[in-house]
**Q** 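Attaching a single structure in structure tokens format; questions to follow.
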Amino acid sequence: PEAYMKSLLALCCMLLSVPSLAEHRVFVGLYSDHYGYKQYEDYRASSRRHQEIRPLNQGGPKASKLMGYMYTAPGYSLGACTFKNSFYERTHCLLGLLRYPVTDSVIFETGLNLTYGYRPALIMQMASLSMSKKLLPIPMVGITFEYKKSSLSYNYMAPGITTLVLAWKL
């Protein structure tokens with residue numbers, strides 16, 4: 001799935017780009033937080049009957065280790081990123097966002113985060129579900145504040161995760 005996601009991103013960028021209008025950005029996560037709950041039962045133990053209660057992975061840059069690339073053209077953005085998910089496992093994603101300018105420096109964004117690396121048993125907190133990593137579509141909305149060659153984004157993703165992201169134009 002990882003090689004497929006990389007190929008899909010490259011193809012989308014080539015097909016949808018207008019080279020003279022596009023911007024390339026790199027980004028890092030500054031902070032992530034969860035709404036609703038702060039800990040989980042870890043079913044990865046050798047015996048699923050023995051669970052460990054652990055805190056969710058959240059906080060500053062060292063927690064999620066979010067980093068990525070975003071290709072931005074008028075009206076949309078496409079990107080890819082990697083991060084440590086809520087359950088401390090490396091996760092990869094493709095991003096597709098529609099961008100709606102509110103002012104010259106404020107943009108409302110909505111789209112989809114196609115993520116590979118979450119385990120349904122951990123997300124749903126049900127030991128009977130699969131412990132295999134799955135490909136999941138995660139809806140997201142956010143607002144981006146741009147200033148010169150940098151931008152700061154605040155994003156909300158279902159099911160209750162927020163991130164603060166800093167990006168730089170290349």
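Along the sequence shown, the residues carry numbers beginning at 1.
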**Q** Tell me which pairs pass disulfide bond (SG atoms under 2.5 Å apart) where either residue lies in residues 117-170, with sequence neighbours left out.
**A** none
**Q** Taking salt bridge (charged side-chain N to carboxylate O under 4.0 Å, His left out) as the definition, give me every residue that meets it alongside Lys169, ordered by chain and number, with sequence neighbours left out.
**A**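 Scan of Lys169 (salt bridge (charged side-chain N to carboxylate O under 4.0 Å, His left out), adjacent residues dropped) gives Glu23.
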**Q** Test of understanding: with side-chain hydrogen bond (donor to acceptor under 3.5 Å, both in side chains), list the residues that count as partners of Thr162, not counting sequence neighbours.
**A** none
**Q** Mind checking salt bridge (charged side-chain N to carboxylate O under 4.0 Å, His left out) for Glu109 and listing every partner two or more places apart, or none if nothing turns up?
**A**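 If we apply the salt bridge (charged side-chain N to carboxylate O under 4.0 Å, His left out) test to Glu109, skipping adjacent residues, the hits are Arg99.
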**Q** Does the pair Tyr69 and Arg25 meet the rule for a side-chain contact (heavy atoms from CB on, under 4.5 Å), with working shown?
**A** CA-CA 6 Å; Tyr69 165 80; Arg25 301 170 189 240; over 6 Å; no
**Q** Not counting sequence neighbours, which residues clear side-chain hydrogen bond (donor to acceptor under 3.5 Å, both in side chains) with Glu89? List them please.
**A** Arg44, Arg119
**Q** Strictly distance-based, threshold 3.5 Å: is any side-chain N or O of Ser130 a donor or acceptor partner for the main-chain N or O of Ser132?
**A**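 Yes: the side chain of Ser130 pairs with the backbone of Ser132.
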**Q** If you count the non-hydrogen atoms of other residues, nucleotides and ligands that lie under 6.0 Å from NZ in Lys38, is the total more than 12?
**A** yes
**Q** Tell me every residue that passes side-chain hydrogen bond (donor to acceptor under 3.5 Å, both in side chains) with Asn85, counting only those two or more places apart in sequence or in another chain.
**A**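 In terms of side-chain hydrogen bond (donor to acceptor under 3.5 Å, both in side chains), with neighbours along the sequence ignored, Asn85 is linked to Thr91.
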**Q** My understanding is that only residues two or more places apart in sequence, or in another chain, count here; which of them pass side-chain contact (heavy atoms from CB on, under 4.5 Å) with Tyr100?
**A**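 Only Leu98, Phe108, Thr110 meet the side-chain contact (heavy atoms from CB on, under 4.5 Å) criterion with Tyr100.
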**Q** Checking Asn155 against Ser153: is there a side-chain donor and acceptor pair closer than 3.5 Å?
**A**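 No donor-acceptor contact under 3.5 Å links the two side chains.
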**Q** In chain order, what residues pass the side-chain contact (heavy atoms from CB on, under 4.5 Å) check against Asn57, with sequence neighbours excluded?
**A** Ala63, Lys84, Tyr88
**Q** Go through the structure and list residues passing side-chain contact (heavy atoms from CB on, under 4.5 Å) with Tyr31, not counting sequence neighbours.
**A**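 Tyr31: side-chain contact (heavy atoms from CB on, under 4.5 Å) contacts with Asp33, Leu164.
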**Q** With Val26, which residues qualify under side-chain contact (heavy atoms from CB on, under 4.5 Å), at least two apart?
**A**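 Partners of Val26 under the side-chain contact (heavy atoms from CB on, under 4.5 Å) test: Trp168, Leu170.
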**Q** Only counting residues at least two apart or in another chain, list the ones meeting salt bridge (charged side-chain N to carboxylate O under 4.0 Å, His left out) with Arg54.
**A** Asp42
**Q** Mind checking side-chain hydrogen bond (donor to acceptor under 3.5 Å, both in side chains) for Thr72 and listing every partner two or more places apart, or none if nothing turns up?
**A**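 Thr72 satisfies side-chain hydrogen bond (donor to acceptor under 3.5 Å, both in side chains) with Ser77 only.
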